[in-house]
Amino acid sequence: MALRPWTTATRCLRRQRSTFLNQHGSTQTREKTFQPHHTLSRPLAPSHTTLSALVAAGAHFGHTTSLMNPNFLPYSFGTRAGLTIIDLEQTLPLLRRAASLVRAVAQRNGTIIFVGTRPDLQDTIQRASERLGPQGYHIGERWLPGALTNRNQLFQEESHQYRLTPDLVVFLNPLANMNAIRECAIQHVPTTGIIDSNADPRIVMYPIPANDDSPRTAQIIAGVLSVAGRDGVVARGEDQKTYQHQAHRILIKQALTGEGNS
Amino acid sequence: MATVGLRAFEMFASRLSCRLPRIHAFTLRSLTTGTAATPPPLNSRFVPPASLETMDEVELEGDQVDFDVSSPPHRPRPENRRPVPPSPAFYTARSLYYDTLVQLQAALSLSRRALRAQHLLPLPPFALRALPPAQPAWANKAEMSLILQAPLTARMYKRVVTLLKELEQCERIARIADSTELEDAITDITKGFESKKGIQARDTRIRAREAKEKGPLDKYGRSYTVGRRKTSTARVWMIEVQKPKDDASVPAANTKSILSSSSATTPPPPTSIVLINSVPISDYFPLPADREHVVRPLKLAGLLGAFNVFALVRGGGTSGQSGAIALAVAKGCVAHVPEVEPILKKAKLLRRDPRMVERKKTGLAKARKRYTWVKR
């Protein structure tokens, strides 16, 4: 096959064609394209979480209808293919409520524990706790029974050094951590978590009805909560600065009026 | 993990200009200082849950600033003065272990990224096979439990060791590719998990491998083998008998006169010397059965007269000592001529006879002998 000669004319023609065609067609780039790791590495802010994102993650799939907990009925949309479909229009405001809670707790220097005791949740909880800085903790393997109620035995030296009661615990799979939920209730620690259709929503204080078996749903929800927590930590930093500025001004004023008086 | 390792990891990550996961004793200052990216704007409307409205809220907007000297300044709600636990895995009660896992995983991905940037990963299979073998000196489970300050189960230990092995492979690739910076960075991290015992075990393995590669014979062509039977131990050196120089016999062999008989021209059969404790075998073992035991391996292998045998034997009686020497001689034959191994194995001469004198038991006269049974 003989190739066309690469002349100036050919080059000009090619350039014209390319500049013309560049104005049309797809503007999709790699940066704009969704990739599967984005739910983990690019978490959504609470205001940017959409119904379609939750549906894409499969957050609306509940368990089989026969396994539905009767107390879950208010959050179910209906049934399809033998599965309970979770009403995501209720999930979204409840998720935002939980995000506000996390933000408020973080802003008041509260500690938040992310609990996800399945192998596919390890990355999620680690990154979520990282976003909260020193205020974020994670438990990925097993909640040690007595971590809160028997802390003098489990954490002997640390119980005198640090404040051990967390201010909020987030459960990504609450049904597998009923011991932990019970301990939090005994110790009056607020809880929030992903409630599937086979769970009673009353086990946690702020339920988020969604599919707890889907790792992508857990990534979205933990991402939203941790982003809100990060906002809270930042707001606290700004508040601290403002308070210090205020206190400084008052000191100066005191010094000036004191000098004026004397 | 040693503090040295933590700092090394910091330097490692900074070299590769990557973000660190937050671990034991780190504080993520980049939240408020915003090193990599500016913090995200507070664009979501704050909707407090019902219970929070009763709490003191921090209202520090500009129009609410109180400039009255008498009233105290707004301050955040007084909280518990104690600090929070430092490690993110504190509530697992094995914080150093889980932090180490996170750190090792991060180090592994960073080093893999660095190797990929240098086009050293993924390696083709022939290159992987050609890599020098791994020579790990990792601490054992008990020592690792001390290093990581947590009681380790077999599964937990295996998780750590698997990550360390992967890191060590990256280090080997970096070493082969003369990427010294990366190699040193990884070594700084992994050396915190090695122990003296592990290093000793590794050195033993290396020496054993070298000895195996060198071969069973020393520089003089001697084999040194050990045999045991009952309570006797025999150490045996075997060396090939020097073949006699047959320059004189060559012209004699060529002539074929009627008078010359075959016995005159053929060289004498080779004789070997067998010394046991510097004493010839015929003196040491007066019984022919014991002598037969010693010589049997050579007979079966067809090596009678091929080797000189020097044995030092200690312990036990005649049959124990002869059995021990026999085993050592069989092993020596295999060392010199590996092809005879199947013959000797089939004759069960390479097996250390495990029979030992059975102990006497209480209520019995001897090991098995019972006292006379009495009806009444």
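All values below were derived from every heavy atom in this structure, side-chain atoms included, with hydrogens, water molecules and symmetry-related copies excluded.
- Between A:His138 and B:Thr92, the shortest heavy-atom distance links the atoms O-CG2, 4.1 Å.
- A:Thr49 does not touch chain B: none of its heavy atoms, backbone or side chain, sits under 4.5 Å away.
- Residue A:Leu164 touches chain B through both its backbone and its side chain, counting heavy-atom pairs closer than 4.5 Å.
- For NE2 of B:His119, the number of neighbouring non-hydrogen atoms (other residues, nucleotides, ligands) closer than 6.0 Å is 12 at most.
- Heavy-atom distances place the backbone of A:His160, and not its side chain, under 4.5 Å from chain B.
- Under the 4.0 Å criterion applied to side-chain N and carboxylate O atoms, B:Arg159 and A:Glu141 are assigned as salt-bridge partners.
- With a threshold of 4.5 angstrom between heavy atoms, A:Gln122 does not approach chain B through any atom at all.
- Minimum heavy-atom separation, A:Tyr162 to B:Val84: CD2-O, 3.5 Å.
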Next item on the list: Start with the C-alpha distance between A:Asp123 and B:Gln105, add both sets of side-chain angles, then the distance that settles side chain to side chain contact (heavy atoms under 4.5 Å, CB included), and finish with yes or no.
Entry: CA-CA 11 Å; A:Asp123 277 332; B:Gln105 188 65 60; over 6 Å; no

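- Between B:Ser87 atom OG and A:Glu158 atom CD the span is 10.0 Å, to the nearest 0.5 Å.
- Within 6.0 Å of CD on A:Gln153 lie no more than 12 heavy atoms contributed by other residues, nucleotides or ligands.
- Distance check: A:Ile139 CD1 to B:Tyr98 OH gives 10.0 Å after rounding to the nearest 0.5 Å.
- Between B:Pro85 and A:Phe155, every side-chain heavy-atom pair lies at or beyond the 4.5 Å cut-off.
- Residue A:Pro166 touches chain B through both its backbone and its side chain, counting heavy-atom pairs closer than 4.5 Å.
- In the displayed structure, A:His248 atom NE2 is contacted under 6.0 Å by at most 12 heavy atoms of other residues, nucleotides or ligands.
- Considering CZ of A:Arg151 and OH of B:Tyr91, their distance stands at 7.5 Å, rounded to 0.5 Å.
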